[in-house]
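Everything below concerns the one structure shown next.
Computed from a predicted structure; not experimentally measured.
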Amino acid sequence: MDRPMGRALARRVLLAGAVAAGAGAVSGATGRAVADERGQPIAQGAVDAEVARRERVLIELRRDIHRQPEEPGREQRTAGVVAGELRAAGLAVTTGVGGHGVVGVLRGSRPGRTVAYRADMDAVPAKDIVGGGPAPAHLCGHDVHTTVAIGIAQVLARLRRHLSGTVVFFFQPAEETLSGARALIEAGVLERTCVEEIHALHCGPFPVGRLAVTPGFGMPGQDKAEVMLSGPAANDAARRLAAEIGALATVALPQSPADLERIVADAQRPNGPLARFVAVRAQAQEAKVTVAYRCWPQERYTQVRQNIRRLGTSYAGAAVSFPADPFPAMVCPEREGRLLAQHLRRTLGRGAVTELQAAFPPFSGEDFALYLDRVPGTFTFLGVGAPDAPVTTSYPHYPDFRPDERAIGLGIRAMAGWIAERARGTRSLPGHSADQGPARRP
């Protein structure tokens with residue numbers, strides 16, 4: 001983190017309650033938008049037609065990216081593919097941002113707001129694959145994320161004469177190491193493009209055809225600790241201490257497909273076991289105990305650190321350290337999440353949307369959190385589970401992760417329509433008050 005945790009928490013609380021411009025009005029089961037003084041906006045039917053026209057080509061593009069996985073910070077080929085596709089669509093493109101990052105800017109033909117969409121490009125390093133792996137691989141769906149974002153850019157560029165505002169696309173390197181978002185932010189992309197809000201999709205363990213929105217929730221951050229013990233019995237003491245720290249957990253990390261399925265179900269239960277949790281992995285290595293843990297809500301980090309320090313210092317001569325500040329949780333603003341859920345239900349159907357009631361404890365930290373520290377937005381899980389397939393084929397980082405490619409078209413349909421409405425930003429959805437302008441940054 002680039003600032004104390006307390007400041008990050010305060011900023012996130014302010015952002016979660018900030019007033020942001022609402023989505024454009026929609027009417028009818030067809031999802032056609034109501035015209036306003038700026039003329040006829042992009043209709044969902046037009047988005048759907050453009051997606052259908054290019055879906056097969058985009059699936060082939062995803063397969064090409066999938067066959068050429070690149071580790072975090074080494075996304076040179078993928079960035080080149082992205083830049084070429086964006087330029088061909090008519091976007092203004094900047095490369096080499098924060099490493100191999102690519103920024104594409106699409107200006108609509110009508111005035112409006114500036115909205116960003118983010119995709120991550122890197123593959124999962126071999127060491128981070130569940131059970132380990134021989135080489136980096138696209139087992140977190142970033143190849144899908146990149147393809148969806150390219151598709152959104154192509155569709156909106158094709159419909160530019162009906163597009164209001166400006167859409168900025170961030171193709172980010174090094175998400176797996178939680179460093180890419182910070183690199184782009186430090187390169188000034190938010191300030192230079194005057195982004196008012198930001199949105200993203202991530203592959204998730206839900207049936208293909210369904211999206212899981214996260215109003216008020218998101219993904220836990222992560223923290224690490226080390227305890228060094230001394231003395232002739234230090235190795236035995238380290239094993240006992242690892243067990244004591246592990247007992248701080250309120251939920252167990254998944255060990256089987258059944259555990260994963262239970263987590264997915266619990267995340268959709270109001271006030272379920274994941275509404276507040278601590279998930280801990282503590283390992284003894286000779287006289288040292290290494291600890292990695294995640295918790296929700298983020299305020300629990302203070303308590304967990306105190307407990308780790310208390311348990312560690314109960315052993316004579318033990319030295320407890322925390323190598324860095326906790327990486328922040330990704331907390332999605334509730335208002336924007338509910339607006340997105342309403343938009344998707346009206347344009348894709350009620351059965352296409354579920355609302356999460358908790359965060360996923362097994363997921364690693366998500367550096368999209370750093371964008372949401374600065375501007376409001378949404379983060380949505382795109383269901384990629386094929387019918388009757390094991391849950392591990394749609395759960396990121398598992399070696400048999402194999403997303404259903406039909407999700408690509410749905411992701412583009414969902415986000416292209418949503419982004420167009422957010423950039424237009426002239427009306428609220430039915431049942432919500434009119435916009436009051438962009439959210440203020442604290």
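Looking at heavy atoms from C-beta onward, Met219 lies in side-chain contact with Phe381 at the 4.5 angstrom threshold.
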Side chains of residues 267-281: which donor-acceptor partners sit under 3.5 Å, not counting sequence neighbours?
unit_1: Gln268; atom_1: OE1; unit_2: Thr354; atom_2: OG1; d: 3.0
unit_1: Gln268; atom_1: NE2; unit_2: Val264; atom_2: O; d: 3.1
unit_1: Arg269; atom_1: NH1; unit_2: Asp266; atom_2: OD1; d: 3.0

Would you list the atom pairs, donor with acceptor, under 3.5 Å between side chains in residues 384-392 and any protein atom, with sequence neighbours excluded?
unit_1: Thr392; atom_1: OG1; unit_2: Asp400; atom_2: OD1; d: 3.3
unit_1: Thr392; atom_1: OG1; unit_2: Asp400; atom_2: OD2; d: 2.7

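Residue pairs meeting the salt bridge (charged side-chain N to carboxylate O under 4.0 Å, His left out) criterion with at least one member in residues 88-103: none, sequence neighbours excluded. Under the side chain to side chain donor-acceptor pair (under 3.5 Å) criterion, the residue pairs touching residues 85-105 are Glu85-Gln154, with sequence neighbours excluded. A side chain to side chain donor-acceptor pair (under 3.5 Å) check over residues 402-415, counting only residues at least two apart or in different chains, returns the pairs Asp48-Arg413, Arg62-Glu405, Arg63-Glu405, Asp404-Arg406. Screening residues 171-199 for ring pair (Phe, Tyr, Trp, His ring centres under 6.0 Å), with sequence neighbours left out, gives His199-Trp418.
Side chain of Asp367 to backbone of Ala181: a donor-acceptor contact under 3.5 angstrom is found. A donor-acceptor pair under 3.5 Å links the side-chain atoms of Arg160 to the main chain of Arg107, judged by distance alone.
Arg158 is linked by a salt bridge (Lys or Arg N to Asp or Glu O under 4.0 Å) to Glu50, counting only residues two or more places apart in sequence or in another chain. Glu55 is linked by a salt bridge (Lys or Arg N to Asp or Glu O under 4.0 Å) to nothing, counting only residues two or more places apart in sequence or in another chain. For Arg345, the salt bridge (Lys or Arg N to Asp or Glu O under 4.0 Å) partners at least two apart in sequence or on another chain are Glu355. Arg77 pairs by the side chain to side chain contact (heavy atoms under 4.5 Å, CB included) definition with Asp64, Gln68, Glu70, Val81, not counting sequence neighbours. Among residues two or more places apart in sequence or in another chain, the side-chain hydrogen bond (donor to acceptor under 3.5 Å, both in side chains) test is passed with Thr250 by none. For Tyr293, the ring pair (Phe, Tyr, Trp, His ring centres under 6.0 Å) criterion is met by Tyr301, not counting sequence neighbours.
With a 6.0 Å radius and a threshold of 12 heavy atoms from other residues, nucleotides or ligands, Glu60 has its CD atom above the threshold.
For the pair Arg118 and Tyr371, the cation does not sit on the ring face, since its NZ or CZ is not both under 6.0 Å from the ring centre and inside 45° of the axis.
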